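Report on the structure given below.
In what follows, every chain begins at residue 1, and chains take the letters A, B, ... in the order their sequences are listed. The structure displayed is predicted, hence computed values, not measured ones. Just so it is clear, the values below take in all heavy atoms, side chains as well, and ignore hydrogens, waters and symmetry mates.
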2 protein chains.
Amino acid sequence: MSTEPLTSEAILDAAEAALRRFGPAKTSVVDVARALEVSHGSVYRHFPSKAALREAVTARWLERVSAPLEDVVTRPGPASRRLRDWVALLAATKQAIARDEPELFETFHQIATGSREVAAVHVDHLADQAARIVADGIAAGEFTDGDPAVLGRAVLQATARFHHPALSREWADPATTTADLDAVLTLILHGLTRPE
Amino acid sequence: MSTEPLTSEAILDAAEAALRRFGPAKTSVVDVARALEVSHGSVYRHFPSKAALREAVTARWLERVSAPLEDVVTRPGPASRRLRDWVALLAATKQAIARDEPELFETFHQIATGSREVAAVHVDHLADQAARIVADGIAAGEFTDGDPAVLGRAVLQATARFHHPALSREWADPATTTADLDAVLTLILHGLTRPE
DNA sequence: TGACTGACAGATGTTGACCTTTGTCAGTCA
DNA sequence: TGACTGACAAAGGTCAACATCTGTCAGTCA
């Protein structure tokens, strides 16, 4: 019996573990509280509803997806190389999770689908990362002029086929998927790159 | 009581009408047979299973989607204009159905998702249409050199966000969607177009 | 003779009584 | 005093008996 005070972080950890073990359908607030050896009423002192708790778990998880991408954004080197690597890493990350932990992937996709807010924050974050690489490329004279925000968003949307969770069924064949992503990236980069 | 012989076409018509009226969950083979005033056993003389019947209805419906696009492919005029119009018409068609007949849209999406074959034929057909416009553009010196099949497929995939049924939730705001599609199309066409 | 029927077995859905879970809140304890 | 408990009402989920549907096939009818 721990004497530590109950924190939101501890609840998120327990909730994520429970979701991994039982899946979204079989995870109750009581399960989460039991793992923490508190009553389920205590969980409600930190999160206003079960939905809010699940969204918080998902938001934290999505943040762990976009954090490694930040390295590619801030790394030195040509913007075209970084943009290509950034999209490839984003796609590879999502596809790896879908392949290796399909249930967990499905869980988080379901929750994100149900809550516009959580998904929107994640998408905005990604679009911003892409926009910053594009801005670098324009500043360096590597890309043609344009609004980085619009172009970053366009890059994200044009590659949706390869990272949007709703299209995970389309990733069944990794070889085809990689070749297709290469073709789309080449098309896009050609569209961004300044001639000469 | 009709003396006409029962045809596959008549069954498809009745099945589509039943799907429209009752939805996919509530449409039984018996319902379809009843509308035709035959026993459900007769339907099985034309289609080996309920799944095959539903797939045939869906295939016919998808063909009605891609037929009007053919006009844009064969129409005279610059390839860039036609490619832009083609994607816009494809997106507008799918989005209009999703908006105006959400249940029917959901029905056909569900069936197509369940049967790789039907969906693959449709996608291949669309990729081929795009490839033909790209080939025209290359032949006319309007686009840079490249494999039309690869580029056509890339165009289709890069615009998936705007026409893939699995992403219909993302079309909620038509104004944003149109602006986003414009940005992606501009990016892609810039990538295809020969400088100068 | 061959398109069609209808009775049938097994699979799949539906229903409603029962049970678990969510979310609240007055009360306890340190 | 404020973090925590646990009993509770309402909402939602579970399960087994019941009903419908799918797919087959021997038999009918023109």
For the side chain of Ser39(B), counting heavy atoms from C-beta on, which of dT14(D), dT5(C), dT14(C) is nearest?
dT5(C)
Take Leu156(A) and Trp86(A), measure what side-chain contact (heavy atoms from CB on, under 4.5 Å) needs, and give me the verdict at the end.
CA-CA 10 Å; Leu156(A) 189 66; Trp86(A) 182 83; 3.9 Å; yes
Answer with base, sugar-phosphate or nothing: what part of the nucleic acid does Ser28(B) contact at a heavy-atom distance below 4.0 Å?
sugar-phosphate
Within this structure, what is the CZ-to-P distance between Arg54(A) and dT21(C), rounded to whole angstrom?
14 Å
Establish whether Ile138(A) and Val87(A) are linked, either directly or via other cluster members, by ILVMFWY side-chain heavy-atom contacts under 4.5 Å.
yes
So which nucleotide does dA10(D) pair with, by the Watson-Crick or G-U wobble rule with both distances under 3.5 Å?
dT21(C)
5′-ward residue of the pair Gly41(B)/His46(A) relative to DNA chain D:
His46(A)
Return the value, rounded to whole Å, for the distance between atom CZ of Arg45(B) and atom P of dT1(C).
15 Å
Does dC29(C) have a Watson-Crick or wobble partner in any strand here, with both distances under 3.5 angstrom, and which is it?
dG2(D)
Classify the side chain of His40(B) and the base of dG6(C) as holding, or not holding, a donor-acceptor pair under 3.5 Å.
no
Write down the distance between CZ (Phe47(A)) and P (dC4(D)), rounded to a whole number of angstrom.
13 Å
Arg161(A) (side chain) donor-acceptor with Gln157(B) (main chain) under 3.5 angstrom
no
Closest to the Tyr44(B) side chain, choosing from dC4(C), dT14(C), dG23(D):
dG23(D)
Please state how far atom CZ in Arg34(B) lies from atom C1' in dT5(C), giving the value in whole angstrom units.
16 Å
Should Val57(B) and Phe22(B) be regarded as members of a common hydrophobic cluster, given that ILVMFWY residues are connected when their side-chain heavy atoms come within less than 4.5 Å of each other, either directly or indirectly?
no
Looking at Ser42(B), does any N or O in its side chain come under 4.0 Å of the phosphate oxygens OP1/OP2 on dA3(C)?
no
Give the rounded distance in Å between these two atoms: CZ of Phe22(B) and P of dG13(C).
18 Å
Atom pair distance, as rounded to whole Å: NZ in Lys50(A) and C1' in dG23(C):
12 Å
Check the orientation of Trp61(A) and Phe108(A). Use parallel for under 30°, tilted for 30 to 60°, and perpendicular for over 60°.
parallel
dC19(C) C1' sits how many Å from Lys26(A) NZ, rounded?
12 Å
